[in-house]
Structures are given as structure tokens and as C-alpha cells.
Amino acid sequence: MTITNDPTRLLLVAGMTLAYAAVCLAPLLRQRRKRVAARRALAEAAQSPGWIVAYASQTGNAEELAAQTLATLRLAGIPAQLSELSDLVAADLQRAERVLFLVSTYGEGDAPDGAAVFAGRLMGSAVPLPHLHYAVLALGDRAYAHFCGFGRALDRWLEQQGAQALFPRIEVDRSAASAVAQWRQQLSHLAGTSDAPDWSAPAFAGWRLAARRVLNPGSAGAPLYHLELEAPDGAAADWQSGDLVQIAAPADAERPREYSIASVPADGRVHLLVRLHTHDDGSHGVASGWLGLQAQVGGTVQLRLRQHRRFRLEDNAERPLILIGNGSGIAGLRGHLKARVLAGRHRNWLLFGERNAQHDYLYRDELDAWQRAGLRLDMVFSRDQEQRLYVQDRLLANADELRLWIAEGAAIYICGSLDGMAAGVDAALREILGPEALDALAAAGRYRRDVY
Ligand SMILES: Cc1cc2nc3c(=O)[nH]c(=O)nc-3n(C[C@H](O)[C@H](O)[C@H](O)COP(=O)(O)OP(=O)(O)OC[C@H]3O[C@@H](n4cnc5c(N)ncnc54)[C@H](O)[C@@H]3O)c2cc1C
Ligand SMILES: Cc1cc2nc3c(=O)[nH]c(=O)nc-3n(C[C@H](O)[C@H](O)[C@H](O)COP(=O)(O)O)c2cc1C
């Protein structure tokens, strides 16, 4: 095709390119304005001289503890400011007198999504911080090879910049109450208060397992159970699409497991989609085995609702949505699709990957009905053709359309496995949109992930 000698087309192409660039830049500018405002507030707080409570959190644990830390400081009359780590710049750290960092670790010893910019840009450079006093609460899980990897790296970097630790880093293995109590004690000591507010997490409650069915009989993959749970009588069941539950299985109640909610409050029940985990020796996963095989329908399951702010619709409720996932990841995406249908918003694009259409077309009737109502549906069955195909391949094949949706303001939600799917999709999005544009979308809350 030659367009160079056709001035009308040339103008058209130039116009479209400019429009696309403008739409891509808009979130960057908005985000910049937001950061400038946050920075101004931080600078004022630093001059007061207040403390900064900075958090980096993926599923909300560190964020919750940061909010409790802030409440304790304020109760003691200390002016303090809450900030997401990525909203801090070098000058904030240089001006601030005391910063308390509460950070979790993701991937393989990496920063949570929201702190990637801080980790990449700031921690990659030298920032003299001789006046800064700080403390680190590092959240992690000893089951991972790089326990508290990001918290440790942050602590090391702060020390190298000349900052002084108020007390040694405290590491939390999952939600170990003893480590949190230690942090709370140090805080009370620093703040000079003995009446810190109660920090206990909301209690588990016995929810009734009202229904359970296998969604993928005959599948080449492990069984996937659809579960429906009812709140105990009189209990407020307050959640939004995107939120999580924690389940305490009787055999390991100390270490609850997270599951994405697949329903909306209007359903009257919390729906979960649980993949049965089987260990190498043939035994089943503690929580998935309990939920799929042992818990009795009609009996109770110990459950706690958890806000998952990073994966909620929030400001994206009015935007077109691109939902991408695989396997049990349909859970979090189904919650959002249900919410969208209820709100009468039909500009949704679901790209979903499983193995074979015959056995793994999860929630097919529902998806078909939503498709008739306007859902753009791309089901990618990896093993239904000779060459293995995944959602990231389908994304690359639809690159122009994806750019168009983004130019129209769409937000991207990813749910499912971190290895393979989420990493592959991230690489595809980087290729299609460019790394800066994807980082800007993430910073603007238009690229959100619930991956595990
Ligand atoms: C944010 C989030 C959302 C999730 N959503 C869903 C969902 O919607 N559906 C779903 O099916 N799953 C979901 N999961 C995964 C789920 O939480 C469980 O991890 C999964 O069900 C396996 O738990 P299990 O108790 O059955 O297996 P486990 O008994 O925990 O075993 C799983 C594997 O974890 C490792 N492991 C666990 N504990 C230890 C330990 N103490 N030491 C060493 N290794 C260990 C082992 O490699 C083991 O093979 C989600 C996870 C997260 C973080
Ligand atoms: C996919 C995934 C990867 C994780 N990787 C690590 C890790 O490498 N090291 C670690 O110590 N903890 C790891 N964790 C555990 C979390 O850090 C821990 O659950 C923490 O409490 C989460 O806090 P948050 O809710 O504030 O994000 C990982 C958790 C998930 C779900």
C-alpha cells in the first residue's frame, strides 16, 4: 500500500497519530498533576516536621498496617502523612525527618506493582539521606525463596544512603501476630504513647457452604470447584467486585489462603473458584483440598472478607474494560463483568485462556449471554490446535484494536497465574503500547493485577 503520494491519507494518518499520542499523554499529565499535588502535601508535612508512613502493598496487608500505624501516630498527637511508596520522590526523603516504611514482597523477591517505579528509579540511584531516620516493616512469606526480598533491599539502600534506622527491620512471615505486635510496641515507644488503638484484624466467621460443583469435568487440568458461601445470619457482607476472601482451613488455620471473589453482593452469596492443588506426593493442597473435597455442603467454612483496593473498579467504573486471565483467574474477572452488567456498562473485552473448549469453557452460558449483550469475547484454548496458543498471542494478533481501546480510555485488569500468563501478557502489552505508556497506565491505576 502506498500512502505517501496521497495528501488526504497522509493528513488522515498524521491526524490519527497525533490523536493517539494525545490520548496516551493525557493519563501521564493527569498522573503528573496528581503526583505534584501529593508531593506538595508531602513537602508541607515534611516542613511541619511530620512523619511519613509509606507503604507498598499488593493485596492490602501492608496498606492496612500502614493505616493502623498512621492512626497510632495521630492518636499520640504526631503530625503524620500516609503515602504510597511510588508517590515519594528523592526530595521528600531528604526533607522528611522520620519515615516509616511498610512494604511487602511479590514475584520473586520483587516490589509490589505499585512500588515498581520507586524501586526502579529511586533505588537505582544515589540519594544522600544523612538526616533521615527510618524504620522498615517488611511483609513476606517464608515459603518463598527471597523472603522479604523487597523490604530487605529497601533497608539496605536506605542504609547505603546514610539514613539511620530507628530500630532494626522487623520481618513478618505471612501475618505473624508476634512481628506485628513488635512493630506496634516500637511505635508506641517512639510515639511516647501506651494507648495504641486495637490492631486486631477482623475475625473469621463461619460462612455456610451453600453449593459446590465441578466446572471442568473431564479436563486435562486439575479440577476447578465453583463454591457458593452465605454469610452467617445478621453479619454484614460488605464487598465489591475485585475483593478477596481469606479461608482458614482446619488443618492450617494459622496460615489462611486467599481467593478472589467471583460474584457481586447482589448475588447474595460469595462465589469462589478454587483449583484443586496436588503436591508431588499425590496429597492435596491444605486449603483447596479442604474446600473442594472435605468441607460439607451445608456445613461452615471459616472466612474473612478482605478489601483489595488495587483490584477494584473504583475510578475505572466508567471506562471501557479489557479483562485478561486464565484458569481460576476467571473468578476475579467474572466479579467485574457481573458488576459491569448490573451497571449497564457493556463496553468490555474479555481475553481468557484455558486448555480445551470441550472441558474448560468455564461459565459458558453466562459468557454467551454477555457476548450477545455486547461483550467482546476472545476465548483462547491452548490445546485445541497443533500450535499452542495463549492469551498473550491473541493480544499481539489484535494489537491495533488494543491500542484503539486504550486510546478510548480503557483500563486493563489481569487475573490468574503470575508465571506464564501474567508475565507473558505484561511482555505483550509492553511490546504493543511501549514500556513508558504501560508504566503510565499502571501509575494511573489503569493497569491492575490480581495474580498469584
Ligand atoms: C491474591 C490471591 C488470589 C488468589 N485467588 C485464587 C483463586 O481465585 N482461586 C484459586 O484456586 N487460588 C487462588 N489463589 C491461590 C490460593 O490462595 C492458594 O495458594 C491455593 O489454593 C493453594 O493452596 P493450598 O492450601 O491448597 O495448597 P498448599 O498446601 O498451600 O500448597 C501449595 C504449594 O505452596 C507451597 N507451599 C505452601 N506452603 C508452604 C510452606 N509452608 N512451605 C513451603 N512451601 C509451601 C508448596 O509449593 C505447595 O506445593 C490466590 C492467591 C492469591 C495470593
Ligand atoms: C504471587 C506472590 C508472590 C510472592 N512472592 C514473595 C516473595 O518473593 N518473598 C516473600 O517474602 N513473600 C512473597 N509473597 C508473600 C507476600 O509478600 C505476603 O503475602 C504479604 O503479606 C503480602 O502483603 P500485601 O497484601 O501488602 O501485598 C508473595 C505472594 C504472592 C501472592
Side-chain angles (χ1 to χ4, degrees), residues 55-67 84-85 102-115 137-153 171-176 179-180 201 215 221-227 242-263 270-294 306-311 325-335 362 414-419 422-423 449-452:
Y55 66 89
S57 181
Q58 189 80 23
T59 62
N61 290 330
E63 187 177 355
E64 212 170 287
L65 290 170
E84 198 165 2
L85 198 55
L102 298 93
V103 302
S104 71
T105 291
Y106 265 79
E108 290 169 28
D110 305 325
D113 284 350
L137 183 73
L139 284 81
D141 183 336
R142 284 200 189 276
Y144 290 90
H146 305 279
F147 178 54
C148 290
F150 179 58
R152 290 178 182 181
E171 297 181 338
V172 188
D173 181 14
R174 286 218 137 205
S175 42
V180 176
L215 283 188
L224 270 169
Y225 297 95
H226 168 95
L227 289 95
D243 284 350
L244 299 165
V245 299
Q246 282 188 324
I247 299 283
D252 193 5
E254 290 298 299
R255 298 167 68 90
R257 309 291 197 269
E258 267 97 18
Y259 295 93
S260 316
I261 300 181
S263 57
V270 159
H271 296 185
L272 305 180
L273 188 55
V274 176
R275 171 88 71 187
L276 181 64
H277 194 94
T278 304
H279 301 148
D280 292 344
D281 66 2
S283 63
H284 291 127
V286 172
S288 60
W290 153 251
L291 288 169
L293 302 169
Q294 291 164 317
R306 291 210 38 214
Q307 292 187 3
H308 191 195
R309 291 208 19 236
R310 293 199 62 80
F311 200 65
N326 71 331
S328 57
I330 192 80
L333 306 180
R334 180 177 182 251
L362 313 172
I414 316 286
C415 193
S417 53
L418 180 64
D419 299 332
R449 310 197 305 166
D450 173 13
V451 293
Y452 44 89

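Residues take their numbers from the sequence shown, with the count starting at 1. Numbering of ligands and ligand atoms starts at 1, following listing order.
- Every protein residue with a heavy atom nearer than 4.0 Å to ligand 1 is included here: Thr59, Ala143, Leu244, Arg255, Arg257, Glu258, Tyr259, Ser260, Leu273, Val274, Arg275, His277, His279, Gly285, Val286, Ala287, Ser288, Ser328, Asp450, Tyr452.
- Protein heavy atom in closest approach to atom 21 (O) of ligand 2: Asn61 ND2, 2.9 Å.
- When only non-hydrogen protein atoms are considered, atom 31 (C) of ligand 2 lies nearest to Tyr106 CE2, 3.4 Å.
- With a 4.5 Å cut-off on side-chain heavy atoms, His279 and His284 do not count as touching.
- Not a single N or O atom of Asp110, backbone or side chain, sits closer than 3.5 Å to an N or O atom of ligand 2.
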Item to check | Candidate pair Val270 and Tyr259, rule side-chain contact (heavy atoms from CB on, under 4.5 Å), full reasoning | outcome: CA-CA 11 Å; Val270 159; Tyr259 295 93; over 6 Å; no
Checklist entry - Under the side-chain contact (heavy atoms from CB on, under 4.5 Å) criterion, do Phe147 and Asp173 qualify, and how do the steps go? => result CA-CA 8 Å; Phe147 178 54; Asp173 181 14; 4.1 Å; yes
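- The option with the heavy atom closest to atom 18 (C) of ligand 2, from among Gly151, Ala143, Gly140, is Gly140.
- Side chain of Arg275 to backbone of Ala222: a donor-acceptor contact under 3.5 angstrom is found.
- In terms of polar-atom proximity, defined here as any N/O pair under 3.5 Å, Tyr452 makes no such contact with ligand 2.
- Here the protein heavy atom with the shortest distance to atom 5 (N) of ligand 2 is Gly107 O, 3.0 Å.
- Between Glu254 and Arg174, none of the side-chain N atoms (NZ, or NE/NH1/NH2) sits under 4.0 Å from a carboxylate O, so this pair counts as no salt bridge.
- From the protein, the heavy atom lying nearest to atom 12 (N) of ligand 2 is Asp141 N, 3.2 Å.
- At least one donor-acceptor pair closer than 3.5 Å links the side chain of His308 to the backbone N or O of Gly242.
- Nearest protein heavy-atom neighbour of atom 1 (C) of ligand 2: Leu418 CD2, 3.6 Å.
- Atoms of ligand 2 lying under 4.0 Å from any heavy atom of Phe147, numbered from 1 in the order shown and given with element: 11 (O).
- Here's the thing with Val451: none of its N/O atoms is less than 3.5 angstrom from an N/O atom of ligand 2.
- Residue contact check for ligand 2: Gly149 places no non-hydrogen atom closer than 4.0 Å to it.
- Look at Arg310 and Asp450 and you find no salt bridge, because none of the NZ, NE, NH1 or NH2 atoms lies under 4.0 Å from a carboxylate O.
- Between His146 and ligand 2, an N or O atom pair is found at a separation short of 3.5 Å.
- Checked for salt-bridge contact, Arg309 and Asp243 miss the test: no charged N lies under 4.0 Å from a carboxylate O.
- Gly109 counts as a contact of ligand 2, since one of its heavy atoms falls under 4.0 Å from the ligand.
- Distance from atom 27 (O) of ligand 2 to its nearest protein heavy atom, with residue and atom name: Gln58 N, 2.7 Å.
- Although no hydrogens or angles enter the test, the distance criterion places a donor-acceptor pair under 3.5 Å between the side chain of Asn326 and the main chain of Ser417.
- Leu291 places none of its side-chain heavy atoms less than 4.5 Å from the side chain of Leu276.
- The backbone N or O of Ala253 sits nowhere less than 3.5 Å from a side-chain atom of Arg255 that would complete a donor-acceptor pair.
- The closest non-hydrogen atom to atom 26 (O) of ligand 2, taken over Pro112, Ser57, Gly114, comes from Ser57.
- The neighbour count for Asp280 CG, taken as heavy atoms of other residues, nucleotides or ligands under 6.0 Å away, does not exceed 12.
- Here Cys148 has backbone heavy atoms under 4.0 Å from ligand 2, and that is the only part of it that gets that close.
- Under 4.0 angstrom from ligand 2, the non-hydrogen atoms of Tyr144 all belong to its side chain.
- The shortest N or O to N or O distance between Thr59 and ligand 2 is under 3.5 Å.
- Of the possible polar contacts, one joining the Ser288 side chain to the His277 backbone as a donor-acceptor pair under 3.5 Å is found.
- Side-chain contact between Glu258 and Tyr452 is absent, with no heavy atoms from C-beta onward closer than 4.5 Å.
- Judged purely by distance below 3.5 Å, without hydrogens or angles, the side chains of His271 and Arg334 pair a donor atom with an acceptor atom.
- Where the criterion is an N or O separation shorter than 3.5 Å, residue side chain and backbone included, Arg306 fails it with respect to ligand 2.
- Although no hydrogens or angles enter the test, the distance criterion places a donor-acceptor pair under 3.5 Å between the side chain of Gln58 and the main chain of Asp113.
- Taking distance alone, with nitrogen or oxygen atoms compared against 3.5 Å, Ala56 stays at or beyond that limit from ligand 2.
- With hydrogens and angles ignored, the 3.5 Å screen pairs no side-chain donor or acceptor of Thr105 with any backbone N or O of Gly140.
- The part of Glu108 lying near ligand 2 is the backbone, judged by heavy-atom distances below 4.0 Å.
- The protein non-hydrogen atom at the shortest distance from atom 17 (O) of ligand 2 is Thr105 O, 2.7 Å.
- Ranking protein heavy atoms by distance to atom 23 (O) of ligand 2, first place goes to Ser104 CB, 3.2 Å.
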